[in-house]
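Working notes, structure below.
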Amino acid sequence: QVQLVESGGGLVQPGGSLRLSCAASGSSFTLVSMAWYRQTPGKQRELVASITPFGRSYVDSVKGRFTISRDNAKNTVYLQMNSLKPEDTALYHCNTPNILYAWGQGTQVTVSS
């Protein structure tokens, strides 16, 4: 049973940076395709970034600012978030692009001055 644990969120000023981590445990399989999602109370969950054998993809609003990466040895996926904007404020979750696993607790990102 795969468990996803997100961390790294927090309160940051506009223009600041955060690095989110997503650790997958409970499985001997390497998750080759992973993604980051975010959700605010007023919106549906949004696919922010994904990493697959074909490359990396981002939603338009974060292109040039966010970078998704992974450490296969640790079975961990990261989201480097630079030049953060208030509209990036959300609860961030990780999962596969097909949402195969139960959602973890998520990590809250709040961008505010």
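Residues S69 and I51 approach most closely at CA-CD1, 4.2 Å, considering heavy atoms. Heavy-atom minimum distance, T107 versus S7: OG1-C, 3.8 Å. Between T89 and Q108, the closest heavy-atom pair is CG2-NE2, 4.0 Å. The nearest pair of heavy atoms linking S61 to E46 is OG-OE2, 4.4 Å. When all heavy atoms are compared, the tightest approach of Q105 to E6 is N-OE1, 3.6 Å.
Grouping the Ile, Leu, Val, Met, Phe, Trp and Tyr side chains by contacts below 4.5 angstrom, directly or via other members, places L20 with L4. V59 and L79 fall within the same hydrophobic cluster, defined by Ile, Leu, Val, Met, Phe, Trp and Tyr side-chain heavy atoms under 4.5 Å apart, directly or through other members. Both V48 and V12 sit in one connected hydrophobic cluster of ILVMFWY residues. Membership requires side-chain heavy atoms under 4.5 Å apart, directly or through other members. Using a 4.5 Å cut-off between side-chain heavy atoms of Ile, Leu, Val, Met, Phe, Trp and Tyr, with links allowed through other members, W103 and M34 fall into different hydrophobic clusters. Under the 4.5 Å side-chain heavy-atom criterion for Ile, Leu, Val, Met, Phe, Trp and Tyr, Y78 and I68 are members of distinct hydrophobic clusters.
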Apply salt bridge (charged side-chain N to carboxylate O under 4.0 Å, His left out) to the pair K85 and D88, showing each step before the final yes or no. CA-CA 5 Å; K85 303 176 180 180; D88 296 318; over 6 Å; no
Report the C-alpha separation of M81 and V109 in whole Å, then their side-chain angles, then the decisive distance to 0.1 Å, and conclude whether the side-chain contact (heavy atoms from CB on, under 4.5 Å) test is met. CA-CA 10 Å; M81 310 165 68; V109 172; 4.1 Å; yes
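Using a 4.5 Å heavy-atom cutoff, the side chains of L84 and L18 are in contact. When side chains are defined from C-beta on, S33 does not count as touching T96, because their heavy atoms never get closer than 4.5 Å. Contact annotation: the side chain of T40 never approaches that of L91 to less than 4.5 Å [non-hydrogen atoms, C-beta and beyond]. Side chains of V2 and S25 form no contact here, defined as non-hydrogen atoms less than 4.5 Å apart.
If you check the side chains of N82 and S17, you find a donor sitting under 3.5 Å from an acceptor.
A cation-pi arrangement, defined by a distance under 6.0 Å to the six-membered ring centre and an angle within 45 degrees of its axis, is absent between R38 and Y92.
Aromatic pair F66/W36: ring centres not closer than 6.0 Å.
The CD atom of Q39 lies 8.0 Å from the CD atom of Q44; values are rounded to the nearest 0.5 Å. With rounding to the nearest 0.5 Å, the separation of CD in Q80 from OG in S21 is 9.5 Å.
Counting non-hydrogen atoms of neighbouring residues, nucleotides and ligands closer than 6.0 angstrom, the CD atom of Q3 reaches no more than 12 such neighbours.
Listed for the N95 side chain is a donor-acceptor partner under 3.5 Å among the backbone atoms of Y101. Side-chain N or O atoms of N98 include none that pairs as donor or acceptor with a backbone N or O of L100 at under 3.5 Å.
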